[in-house]
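Reminder, nothing fancy here: chain letters follow the sequence lines and each chain counts from 1. Predicted model only: the values in this text are computed from it and were never measured.
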Protein chains: 2
Amino acid sequence: MIKMNKERSLSKNQQIILDLIDKSSEPLKAYTILFNVQKKGIKAPPQVYRALDKLVEIGKIHKIESKNAFVACKNSNCEISKATAFSICESCEEVDEVSDTKLSKFLSKFNDKKGMTFKRFNLEFFGLCKRCKIK
Amino acid sequence: MIKMNKERSLSKNQQIILDLIDKSSEPLKAYTILFNVQKKGIKAPPQVYRALDKLVEIGKIHKIESKNAFVACKNSNCEISKATAFSICESCEEVDEVSDTKLSKFLSKFNDKKGMTFKRFNLEFFGLCKRCKIK
DNA sequence: AACAGTATGTAATAATATAACGTTTTAAAG
DNA sequence: CTTTAAAACGTTATATTATTACATACTGTT
Ligand SMILES: [Zn+2]
Ligand SMILES: [Zn+2]
Ligand SMILES: [Zn+2]
Ligand SMILES: [Zn+2]
């Protein structure tokens with residue numbers, strides 16, 4: 001069985017939730033999402049979490065683990081959720097997806113001494129953004 | 001109780017919880033810890049979380065963000081919670097602290113294009129460990 | 001039409017984490 | 001030895017994040 005459809009079409013709930021995350025300037029938490037889509041008929045946590053799981057799986061969004069929050073992938077050529085890196089400002093909480101070829105190459109090629117095979121990584125940098133440094 | 005160097009001495013609860021994490025072969029979750037120290041008089045979540053927060057702060061343990069679990073630092077020369085990297089087996093869930101000079105140098109020197117100053121990073125690699133690859 | 005896979009709606013509950021108190025211990029200064 | 005401030009403690013309640021379980025409906029393929 002070969003799957004050919006490259007451009008999977010999203011389901012209704014998936015699209016609603018992706019739209020919300022996409023237009024947000026900051027990472028959104030699951031229950032913030034829930035609150036904001038209740039008027040569209042998504043009323044319960046499992047509906048949100050199921051859509052989030054799928055969107056993460058297909059690489060449309062990423063989870064910021066240290067914040068339990070979700071951002072849209074800004075990086076259309078980013079390998080599907082396999083190699084993610086973020087910069088997080090500890091003052092204003094701004095989150096950006098880092099896309100740096102050297103960085104992702106270095107990490108994708110990185111080999112463990114213990115013979116482990118890496119299929120995926122997630123990297124979170126913390127610090128102060130340009131604006132917050134000035135203050 | 002031995003403390004001969006100028007290291008900060010831990011409080012009673014901190015020591016109990018560090019001991020438990022230290023002798024565990026796997027990351028421990030907060031409520032697993034709570035359950036296991038109740039016989040020692042630690043009865044409520046805040047007691048556990050307070051000790052965990054402090055232990056993370058002083059670098060004795062690290063939080064595995066993708067698992068909401070805690071491991072002891074195996075790397076006595078690791079910069080205090082500033083530069084952490086872990087390998088996580090997706091099959092057996094084994095977690096190891098990666099200590100690789102090239103990796104930590106590369107990441108500590110990494111500079112954002114947007115002018116952000118990084119003070120800290122956390123990296124989590126996912127894949128299959130040696131044993132799980134064979135199966 | 002039959003089937004398999006995916007998605008949905010809903011209720012209940014589990015798991016993770018913090019707020020808000022007041023009290024006690026610790027360590028350092030006077 | 002007192003005073004004092006910071007850190008740690010104990011306790012109750014509550015907030016936040018995430019999953020289980022089950023019944024139903026939609027999707028595309030044979
Ligand atoms: Zn991305
Ligand atoms: Zn900032
Ligand atoms: Zn360490
Ligand atoms: Zn394994």
Side-chain angles (χ1 to χ4, degrees), chain A residues 1-21 24 26-71 93 95 124, chain B residues 1 3 5-21 24 26-71 93 95 124:
Chain A
M1 294 285 168
I2 306 161
K3 267 191 198 166
M4 304 207 43
N5 34 330
K6 340 192 147 183
E7 202 56 27
R8 116 195 302 287
S9 70
L10 299 176
S11 75
K12 180 170 131 286
N13 289 359
Q14 289 160 14
Q15 191 65 61
I16 289 169
I17 286 174
L18 176 57
D19 286 346
L20 183 69
I21 296 174
S24 170
E26 56 186 14
L28 294 180
K29 299 193 155 228
Y31 277 74
T32 304
I33 293 168
L34 176 56
F35 178 80
N36 279 283
V37 295
Q38 278 180 332
K39 45 185 169 291
K40 304 218 167 174
I42 296 176
K43 298 194 209 123
Q47 296 173 285
V48 173
Y49 282 101
R50 284 192 292 235
L52 289 173
D53 285 350
K54 187 54 81 174
L55 291 168
V56 166
E57 189 189 321
I58 64 179
K60 294 286 190 186
I61 66 173
H62 302 301
K63 182 174 187 179
I64 310 299
E65 294 286 357
S66 61
K67 297 171 81 72
N68 297 316
F70 300 84
V71 294
E93 308 276 289
V95 172
E124 299 181 6
Chain B
M1 201 199 236
K3 45 182 156 174
N5 35 20
K6 58 180 171 181
E7 279 185 12
R8 108 197 298 286
S9 72
L10 300 175
S11 76
K12 180 170 132 286
N13 288 0
Q14 289 161 14
Q15 191 64 61
I16 289 169
I17 286 174
L18 176 57
D19 286 346
L20 182 70
I21 296 174
S24 169
E26 56 185 15
L28 293 179
K29 300 191 155 231
Y31 276 75
T32 303
I33 293 168
L34 176 57
F35 178 80
N36 279 284
V37 295
Q38 278 180 332
K39 45 184 168 294
K40 305 218 167 176
I42 297 175
K43 299 196 206 116
Q47 297 174 283
V48 173
Y49 282 101
R50 284 192 291 233
L52 289 173
D53 286 349
K54 186 55 79 172
L55 291 168
V56 165
E57 189 189 321
I58 64 179
K60 294 286 188 186
I61 66 173
H62 302 301
K63 181 173 189 181
I64 309 299
E65 294 287 357
S66 61
K67 298 172 81 75
N68 298 316
F70 300 84
V71 294
E93 308 276 289
V95 172
E124 300 182 5

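- The side chain of Arg50(A) lies closest to dG9(C) when the candidates are dG9(C), dC9(D), dA7(C).
- In this structure, the separation between CG on Leu52(B) and CD1 on Ile21(B) is 5.5 Å, given to the nearest 0.5 Å.
- In this structure, Gln15(A) CD and Leu18(A) CG are separated by 5.5 Å, a value rounded to the nearest 0.5 Å.
- For the pair Leu10(B) CG and dA8(D) P, the computed distance is 9 Å after rounding to whole Å.
- Residue Asn68(B) places none of its side-chain N or O atoms closer than 4.0 Å to OP1 or OP2 of dA15(C).
- Between Lys54(A) and dA7(C) there is a side-chain polar atom (N or O) within less than 4.0 angstrom of OP1 or OP2.
- Nucleotide dT6(C) holds its C1' atom 11 Å from the CD atom of Glu57(A), rounded to whole Å.
- Nearer the 5' end of DNA chain C, as judged by each residue's closest nucleotide, is the contact made by Lys12(A), out of Lys12(A) and Pro45(B).
- Taking only side-chain nitrogens and oxygens, Asn13(B) never comes nearer than 4.0 Å to OP1 or OP2 of dA8(D).
- Side chain of Glu124(B) to backbone of Glu65(B): a donor-acceptor contact under 3.5 angstrom is found.
- Although no hydrogens or angles enter the test, the distance criterion places no donor-acceptor pair under 3.5 Å between the side chain of Lys40(A) and the main chain of Asn13(A).
- Between Leu18(A) atom CG and dA7(C) atom P the separation is 14 Å, expressed in whole Å.
- When the nucleotides dT11(D), dA7(C), dT10(C) are ranked by their closest atom to the side chain of Pro46(B), dT11(D) comes out on top.
- Residues Ile17(A) and Gln47(A) approach most closely at CD1-O, 4.3 Å, considering heavy atoms.
- Straight-line distance from the OH atom of Tyr49(A) to the C1' atom of dA15(C): 11 Å, rounded to whole Å.
- Comparing Phe70(A) and Gln14(B) against DNA chain D, the residue whose closest nucleotide sits nearer the 5' end is Gln14(B).
- Between the side chain of Tyr31(B) and the base of dA17(C), a donor-acceptor pair under 3.5 Å is found.
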Next on the checklist: Applying side chain to side chain contact (heavy atoms under 4.5 Å, CB included) to Ile33(A) and Ile42(A), what does each step give before you reach the verdict?
Outcome noted: CA-CA 10 Å; Ile33(A) 293 168; Ile42(A) 296 176; over 6 Å; no

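- Residue Lys63(B) comes nearest to Val56(B) through the heavy atom pair N-CG2, 4.5 Å, listed as atom of the first residue, atom of the second, then distance.
- Taking 4.5 Å as the limit, some side-chain heavy atom of Lys67(B) sits within range of a side-chain heavy atom of Glu93(B).
- Residue order along DNA chain D, read from the 5' end via each residue's closest nucleotide, puts Ala51(B) first among Ala51(B) and Ala44(B).
- Rounded to whole Å, atom P of dT16(C) lies 15 Å from atom CD1 of Ile64(B).
- The distance from atom CG of Leu52(B) to atom P of dA17(C) is 9 Å, rounded to the nearest whole Å.
- Checking the phosphate oxygens (OP1, OP2) of dG9(C), a side-chain nitrogen or oxygen of Gln47(A) falls inside 4.0 Å.
- No engagement by Lys67(A) is indicated, since no non-hydrogen atom pair under 4.0 Å with the nucleic acid exists.
- Of the residues in residues 34-43 of chain B, not one comes within less than 4.0 Å of DNA chain C through any heavy atom.
- Taking only side-chain nitrogens and oxygens, Ser11(B) comes nearer than 4.0 Å to OP1 or OP2 of dC9(D).
- Atoms CG (Leu55(A)) and P (dA7(C)) sit 10 Å apart, rounded to a whole Å.
- One atom, CD1 of Ile33(B), and another, C1' of dA15(C), lie 14 Å apart when rounded to the nearest Å.
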